[in-house]
Amino acid sequence: MDELTDTPSNKNREAVGQGIANIITGFLGGMAGCGMIGQSVINIKSGGRTRLSTLCAGVLLIVFILVLGNWVKQIPMASLVGVMFMVSIGTFNWTSLQTLHLVPRSETAVMVTTVFVTVLSRNLGLGVLVGIVLSTVFFSRQIAKVVFVDSLLSADQNYRTYSIAGQLFFLSVDQFLAAFDFSENLQRVKIDLTHAHIWDQAAVTAIDKVVLKFRRHGTEVDLVGVNAASATLLDKLAVHNKSVAVDS
């Protein structure tokens, strides 16, 4: 809607208003609903721009349900299907078909799967849920690849600095661990996490493995540049600086 009208809106206020309405309608024996995207698009394309247009739509809907309910029931379902077909045709972005081959395959897979599940299950909520799960998985896989590890060896070849950049979590730890060379004969190693963030226990465990493995080879390890949130997680879960540290 913001794109069609080139105006900003308060998404939180809309979500709160819809949530309150859904709670109230539940006490009145009604069914919770989502934002009427199709109707909103038709409203805007018909010239509606102010709150008066949405107020009229809501008031008329209440009148149809409470006052004209018996007459509304007489409308054939086929007629309502025809109306929804026209709404779908009017709201669909047909130009997107021309650029579908340019869209990343992961996004195309999410769209096609969402439609497929919705049609087979006849449940839009289930289709959207599957789409969200797929989007989360694909996004996590992409973020996992954005981990960079640079290393610099000192002139005397006794000291190496590893600079980490990116998000460290369960999907990126393998790439993180593969960047270290534990066979080098070094006196000290510095792991610079200034441009990295630790998100979960898997990342903390990976750091423990790196530190303990270097120590087993007689190499001292310094962790530097850890931000406050990552430091809190390390203090809570890491074992490499605790007496309970064990070989892993």
Side-chain angles (χ1 to χ4, degrees), residues 1-140:
M1 301 306 103
D2 291 348
E3 293 177 1
L4 290 175
T5 59
D6 195 25
T7 57
S9 64
N10 189 330
K11 310 300 187 301
N12 290 333
R13 185 173 64 182
E14 294 182 14
V16 170
Q18 182 174 302
I20 294 174
N22 282 339
I23 292 174
I24 294 176
T25 196
F27 286 106
L28 299 177
M31 181 184 297
C34 62
M36 298 190 294
I37 300 174
Q39 292 86 333
S40 299
V41 172
I42 296 297
N43 181 41
I44 289 177
K45 289 187 175 180
S46 300
R49 288 294 184 275
T50 65
R51 293 188 179 94
L52 181 61
S53 62
T54 56
L55 176 63
C56 290
V59 170
L60 288 174
L61 185 59
I62 292 177
V63 172
F64 289 147
I65 294 174
L66 300 181
V67 179
L68 304 175
N70 292 329
W71 286 272
V72 172
K73 292 179 182 178
Q74 305 304 318
I75 300 176
M77 185 62 68
S79 300
L80 298 178
V81 170
V83 172
M84 292 309 299
F85 265 112
M86 295 307 300
V87 170
S88 300
I89 292 173
T91 57
F92 190 81
N93 184 11
W94 296 100
T95 58
S96 63
L97 295 177
Q98 300 175 0
T99 59
L100 189 61
H101 64 285
L102 301 176
V103 177
R105 293 182 178 179
S106 59
E107 295 185 19
T108 303
V110 171
M111 289 188 290
V112 173
T113 303
T114 300
V115 173
F116 187 72
V117 172
T118 301
V119 172
L120 285 184
S121 65
R122 299 182 181 180
N123 187 335
L124 177 61
L126 181 60
V128 172
L129 178 61
V130 172
I132 292 175
V133 171
L134 280 179
S135 297
T136 303
V137 171
F138 287 137
F139 177 75
S140 299

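Since the structure is predicted, the reported quantities are computational estimates derived from the model, not experimental observations.
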To the nearest 0.5 Å, how far apart are CG in Leu124 and CG in Leu129? 11.0 Å
State, yes or no, whether a side-chain contact exists between Val110 and Glu107 at a heavy-atom distance under 4.5 Å. no
Taking every non-hydrogen atom, the tightest pair across Phe138 and Ala109: CE1-CB, 4.3 Å
Find the distance between OG (Ser40) and NZ (Lys45) and round it off to the nearest 0.5 Å. 12.5 Å
Please report the interatomic distance OG1(Thr108) to CZ(Arg105), rounded to the nearest 0.5 Å. 9.0 Å
Let me confirm one number: the CD-CG distance from Glu14 to Asn10, rounded to the nearest 0.5 Å. 7.5 Å
Closest non-hydrogen contact found for Arg49 with Ser53 is N-OG, 4.1 Å
First locate atom CG of Leu134, then atom OG1 of Thr114, and finally report the distance between them rounded to the nearest 0.5 Å. 7.0 Å
Under the 3.5 angstrom rule, does the side chain of Thr25 hit a backbone N or O of Asn22 as a donor-acceptor pair? no
Leu66 CG to Leu61 CG distance, which is reported to the nearest 0.5 Å: 9.0 Å
